[in-house]
Amino acid sequence: MNPLPQNPVAASGSFAAMKSVPYRLQFTAYVLAMMADNIEHVISYWVVFQKFHSPALAGFAVLSHWLPFLLFSVAVGGLADRFDPRRIIQCGMLLFIVASSGWGFFFITDTIQMWHAMLLLVIHGCAGVLWQTPNQLLLYDLVGPADLPSAVRLNAMARYLGILVGPAVGGIIMLTLGTSHGIIFNTLFYLPMLLWLFWAPVRDNSVAVRRFAVRGLADIVLTIRAIGTQPTLTAMTWLAGLTSFMIGNAYHAQMPGYAGDLGHGDPGVSYSVLLAADAAGAVLAAIALESWGRLKGTPRTAIMLAMLWSAALLGFATVRIYPVAIVLLFCAGFFELSFNTMAQALVQVNAPHDIRGRVVGLYNMAGLGMRAFSGITVGLSGAAIGIHWSLGLSAAVLLALLVLLQRAGDEAGLSIPPGVAFRTHCVSPLPPHPILTRH
């Protein structure tokens with residue numbers, strides 16, 4: 001595949017995706033659903049911790065959240081290729097409502113057992129995988145390839161807004177309604193997305209060719225082979241997998257320990273400020289990239305931003321000065337959103353139309369599913385050698401791997417020569433891959 005853009009799209013202005021009314025409605029519903037997701041985590045994790053005091057259950061909560069992405073992302077992408085992605089997202093919203101209602105029932109009746117909690121955590125994880133991949137395909141249908149990078153960045157900002165607002169709203173709900181009724185009330189925040197999808201625009205059937213049966217795990221192998229000769233898709237999938245496997249968001253769970261070690265005032269306040277700095281950096285990145293919009297959206301740029309993210313976390317792991325730690329986490333949040341959204345946009349724009357769902361699903365399998373293992377590289381190793389050493393070593397190893405990835409990309413011809421203008425460009429659709437069209 002020629003890595004240079006074959007059909008550049010003219011700049012469409014700042015916050016281009018927001019010009020679309022359907023996208024604005026999707027953005028609002030996405031923020032509310034993401035907020036509800038985090039509210040459920042806040043309330044359910046609190047009650048389960050008070051009830052069982054089980055570190056094993058806490059570990060299971062992490063695995064149940066990310067393993068469905070590892071196991072089912074490609075299959076769900078295949079379903080979204082074959083069927084209407086709006087209906088798949090609605091199934092995800094219904095599972096979210098079932099999970100929140102289930103928590104509420106067991107909290108009200110005070111009959112929750114550990115296997116109940118594990119089942120509800122699995123339902124919640126499956127709801128997430130039914131939501132995220134089809135929703136990314138829906139963005140393409142709402143705004144088209146020209147404004148897709150803008151839509152991806154803004155949706156990433158919506159995700160972080162939900163993460164920022166969710167815990168605060170969850171705390172207010174627990175104080176006013178209590179945990180039992182509060183988590184049932186939380187189901188209302190999923191309804192805007194569920195209902196709006198009945199009127200969301202229908203995708204162009206001439207663009208999405210739905211003729212491949214979903215073959216489960218075989219789809220993973222076939223999709224890997226299908227993108228094997230396409231350097232951009234391969235590099236961005238590797239980028240997502242490496243960053244998620246080595247670090248992911250596992251350092252968030254260790255943040256109370258970092259706050260205590262930095263020894264700056266009340267640990268609870270310090271912990272909140274550190275998390276807020278990371279999220280604020282991500283939100284600012286989305287605003288800055290949308291407002292400025294002149295950063296070249298190339299695989300090389302995405303890898304370099306990921307290197308800067310690794311360097312920022314390496315510095316955070318070694319520093320002992322609280323204000324410097326805040327700045328480094330702010331930078332980490334900025335770089336993380338930047339390289340993630342750039343990589344995701346490159347994958348969506350370059351994916352062949354007839355297997356777009358599978359390719360995006362493979363990317364999500366690497367970018368989200370591999371986070372299940374970052375609990376080992378950062379979490380469990382932190383118990384053995386200390387959380388600062390574990391994060392620092394993981395960041396250093398990741399930085400070295402990204403250097404190798406960049407060199408491999410340069411050899412594959414991923415670099416775009418200086419002077420090629422970019423704001424929101426795309427690559428023309430690729431023809432159906434022979435590996436899949438044979439089946």
Side-chain angles (χ1 to χ4, degrees), residues 30 33-34 37 40-41 59-100 102 118-140 155 159 190 193-194 197 208 210 212-227 233 236-238 240-241 243-245 248-249 340 343-344 347-348 351-352 354-376 435-436 439:
Y30 190 90
M34 185 59 66
D37 184 3
E40 181 174 329
H41 286 316
F60 180 84
V62 176
L63 290 175
S64 65
H65 190 78
W66 297 121
L67 277 181
F69 287 94
L70 184 67
L71 298 175
F72 306 125
S73 285
V74 176
V76 171
L79 287 173
D81 281 333
R82 192 173 179 84
F83 303 106
D84 192 337
R86 299 175 302 167
R87 304 299 168 247
I88 301 174
I89 300 170
Q90 286 176 318
C91 289
M93 293 299 108
L94 288 173
L95 284 184
F96 277 126
I97 292 173
V98 168
S100 286
M118 295 173 71
L119 176 61
L120 292 173
L121 288 169
V122 169
I123 291 174
H124 186 94
C126 292
V129 76
L130 287 173
W131 175 24
Q132 292 300 333
T133 297
N135 192 78
Q136 291 173 21
L137 300 185
L138 183 65
L139 296 184
Y140 191 95
N155 255 45
R159 175 178 175 271
Y190 294 115
M193 178 67 81
L194 177 68
L197 288 168
R210 312 175 194 177
F212 304 127
V214 178
R215 292 175 291 271
L217 294 178
D219 270 335
I220 298 176
V221 177
L222 290 171
T223 307
I224 291 174
R225 292 173 62 191
I227 70 170
L233 298 178
M236 293 302 93
T237 303
W238 270 104
T243 53
S244 295
F245 179 84
N249 64 345
N340 270 326
Q344 185 183 126
V347 168
Q348 290 202 51
D354 49 0
I355 57 169
R356 181 181 305 281
R358 288 169 170 83
V359 173
V360 173
L362 182 67
Y363 175 83
N364 283 339
M365 184 186 78
L368 298 176
M370 296 300 285
R371 290 187 177 189
F373 301 103
S374 63
I376 298 174
I435 290 177
L436 289 179
H439 293 265

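- Side-chain contact of N155 with Q136: a donor-acceptor pair under 3.5 Å is absent, judged by distance alone.
- Rounding to the nearest 0.5 Å gives a distance of 8.0 Å between CG of L137 and CD1 of I89.
- Here the straight-line distance linking atom CD1 of I123 with atom CE of M118 works out to 12.5 Å at 0.5 Å rounding.
- Using a 4.5 Å heavy-atom cutoff, the side chains of Y190 and D37 are in contact.
- To the nearest 0.5 Å, atoms CD (E40) and CG (L120) are separated by 8.0 Å.
- Here the CG atom belonging to L362 is positioned 6.0 Å from the OG1 atom belonging to T223, to the nearest 0.5 angstrom.
- Summarising the geometry of G92 relative to A127, their closest heavy-atom pair is O-CB, 3.4 Å, with the distance given to 0.1 Å.
- Here L233 contributes atom CG and I224 contributes atom CD1; the two are 12.5 Å apart, rounded to the nearest 0.5 Å.
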Between H65 and L121, is the side-chain contact (heavy atoms from CB on, under 4.5 Å) condition met? List the steps. CA-CA 7 Å; H65 190 78; L121 288 169; over 6 Å; no

Take D81 and R356, measure what salt bridge (Lys or Arg N to Asp or Glu O under 4.0 Å) needs, and give me the verdict at the end. CA-CA 7 Å; D81 281 333; R356 181 181 305 281; over 6 Å; no

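- Taking 4.5 Å as the limit, every side-chain heavy atom of L222 sits out of range of all side-chain heavy atoms of R358.
- Side-chain atoms of S73 do not come within 3.5 Å of backbone N or O of L70 as any donor-acceptor pair.
- Applying the ring-ring contact (aromatic ring centres under 6.0 Å, His included) test to W131 and every residue at least two apart in sequence or in another chain returns Y30, F96.
- Of all non-hydrogen atoms in P352 and V359, the two that sit nearest each other are CD-CG2, 4.3 Å.
- In this structure, G241 and M370 approach most closely via the heavy-atom pair O-CB, 4.1 Å.
- Seen from the ring of F245, R371 does not count as a face-on cation partner, given the 6.0 Å and 45° thresholds.
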F72/M365 under side-chain contact (heavy atoms from CB on, under 4.5 Å): CA gap, chis, key distance, verdict: CA-CA 8 Å; F72 306 125; M365 184 186 78; over 6 Å; no

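- With hydrogens and angles ignored, the 3.5 Å screen pairs no side-chain donor or acceptor of S100 with any backbone N or O of I97.
- For the pair A226 and I355, the tightest heavy-atom approach, listed with the atom from each and the gap, is CB-CD1, 4.0 Å.
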side-chain contact (heavy atoms from CB on, under 4.5 Å) for H124 and H41? Distances and angles first, verdict last. CA-CA 10 Å; H124 186 94; H41 286 316; 3.5 Å; yes

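- Taking 4.5 Å as the limit, some side-chain heavy atom of F60 sits within range of a side-chain heavy atom of V122.
- The only option from V76, L79, V360 that meets the side chain to side chain contact (heavy atoms under 4.5 Å, CB included) definition with P134 turns out to be V76.
- In this structure, L63 and A372 approach most closely via the heavy-atom pair CD2-O, 3.9 Å.
- For the atom pair CG (L194) and CE (M93), the distance works out to 8.0 Å, reported to the nearest 0.5 Å.
- The two residues W66 and L368 make their nearest non-hydrogen contact at CE3-O, 3.4 Å.
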Run N135 and M193 through side-chain contact (heavy atoms from CB on, under 4.5 Å) and show every step you take. CA-CA 11 Å; N135 192 78; M193 178 67 81; 4.1 Å; yes

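- With a 4.5 Å cut-off on side-chain heavy atoms, Q344 and V347 do not count as touching.
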